[in-house]
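Quick notes on the structure that follows.
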Amino acid sequence: MNETSILMTLATVHFIALMSPGPDVALVVQNATRYGRQTGVYIALGLSFGILLHSLLSLTGVSYLVHQQPLLFALLQLCGGSYLLYLGSGALRATLANWSQAPGELSSKPALLLSNKRQAFSRGLMTNLLNPKALVFFVSLMSTLVPAGMSLGGKSLALLILWSLSLLWFAALAWMLSTPRLQRQLQAASRYIDLLCGVIFTLIGVMILWQSLTGLLG
């Protein structure tokens, strides 16, 4: 298989994975729906840089070494699970506390911990970077599709493809969710979207924490 075919396969597999439901998609949906386009795009930028770092660490073998160390990987799971649980429990508490208020009143409130571009970017970056499932995915992706003998230019292009596809997909998702017409429709269901995203973050966080504790105690 030549490098062009490898890169096309890599792009296809990665794009399919991007569209799969998970913490990254939930984060964009929740925040672009409630706080608008700018917040959603900066979260997309943070997520894409998290994916770029995962890809780079996998390509250089660092992520593989982490994955092969049970204690180190369990600690990463502990950090990632705790962070997702923090996001989920915070979203659930805020949603339930404001449940009786009208959707318009909720949408006018400032974003919790997302009051500027830097915080939105950091939220996206940390959500992806601390997700141990992302580490496992990119280790598998790189080890399976990117041969060790691939040229430096080919590997650099692979990183560019993974980063740019991620940014384009998440930014497009944020853009679509924040068009004026759709924004008005989604605001009416914003509390349900927040509740669903909070449940997703919480369940995934608890599952990762359980796996982490099993690894530490096993």
Side-chain angles (χ1 to χ4, degrees), residues 14 17-18 20-32 35 39-40 42-95 111-143 159 162-163 166-167 169-170 173-174 194-218:
H14 179 56
L18 284 174
S20 302
D24 293 352
V25 172
L27 190 70
V28 174
V29 170
Q30 180 189 29
N31 289 281
Y35 305 121
T39 296
Y42 273 90
I43 284 176
L45 189 62
L47 289 170
S48 67
F49 271 95
I51 288 171
L52 178 62
L53 287 173
H54 270 301
S55 303
L56 182 60
L57 292 173
S58 298
L59 199 59
T60 55
V62 175
S63 293
Y64 176 78
L65 294 177
V66 172
H67 189 226
Q68 294 303 305
Q69 298 295 321
L71 178 59
L72 191 57
F73 185 64
L75 290 175
L76 175 64
Q77 287 181 306
L78 184 63
C79 292
S82 298
Y83 185 72
L84 290 176
L85 185 59
Y86 160 74
L87 293 182
S89 60
L92 290 176
R93 286 198 305 270
T95 302
L112 179 63
L113 298 179
L114 290 177
S115 58
N116 59 44
K117 300 172 184 176
R118 181 180 298 178
Q119 290 172 338
F121 175 85
S122 299
R123 177 68 61 85
L125 177 67
M126 297 306 293
T127 298
N128 184 270
L129 203 56
L130 290 178
N131 186 355
K133 294 185 180 297
L135 182 146
V136 174
F137 170 76
F138 284 104
V139 166
S140 302
L141 186 69
M142 292 301 189
S143 62
L159 292 176
L162 294 174
W163 174 76
S166 304
L167 178 58
W169 163 247
F170 289 125
L173 183 61
D194 288 345
L195 181 62
L196 177 60
C197 291
V199 169
I200 291 173
F201 288 134
T202 301
L203 289 178
I204 295 177
V206 169
M207 182 176 64
I208 292 175
L209 284 174
W210 175 257
Q211 292 174 345
S212 171
L213 293 175
T214 302
L216 288 173
L217 299 176

- [ ] Decide yes or no for Trp210 and Gln77: does some side-chain heavy atom of the first lie under 4.5 Å from some side-chain heavy atom of the second?
- [x] no

Task: Partners meeting side-chain contact (heavy atoms from CB on, under 4.5 Å) with Leu18 (sequence neighbours left out) - done: His14, Phe15, Ile51, Leu165, Ser166, Trp169, Phe170

Open item on the list: On a heavy-atom basis, which atom in Gly40 and which in Ala174 lie closest, and how many Å separate them?
Closed with: C-CB, 3.5 Å

Do any side-chain atoms of residues 68-75 form donor-acceptor pairs under 3.5 angstrom with protein atoms, and if so which ones, sequence neighbours left out?
none

Open item on the list: Enumerate the side chain to side chain donor-acceptor pair (under 3.5 Å) contacts for residues 45-64, please, sequence neighbours excluded, ordered by first and then second residue.
Closed with: Ser48-Trp163

- [ ] Quick one: which residue pairs count as a side chain to side chain donor-acceptor pair (under 3.5 Å) with a foot in residues 124-140, not counting sequence neighbours?
- [x] Asp24-Asn128

Task: Nearest heavy atoms of Ala91 and Gly198, plus distance in Å - done: CB-CA, 3.9 Å

TODO: Could you pull out the closest heavy-atom pair between Gly50 and Leu125, with the gap in Å?
DONE: N-CD1, 3.5 Å

TODO: Output all residues satisfying side-chain contact (heavy atoms from CB on, under 4.5 Å) with Ile200, sequence neighbours left out; order by chain, then residue number.
DONE: Ala26, Leu196, Ile204

- [ ] Could I get the full list of side-chain contact (heavy atoms from CB on, under 4.5 Å) partners for Ser122, not counting sequence neighbours?
- [x] Arg118

Task: Heavy-atom side-chain contact between Leu162 and Leu52 under 4.5 Å - done: no

Open item on the list: Tell me the closest heavy-atom pair linking Leu209 and Ser82, and the distance in Å.
Closed with: CD2-OG, 3.6 Å

- [ ] Can you see which heavy atom on Pro23 is nearest to which on Phe201, and at what distance?
- [x] O-CE2, 3.5 Å

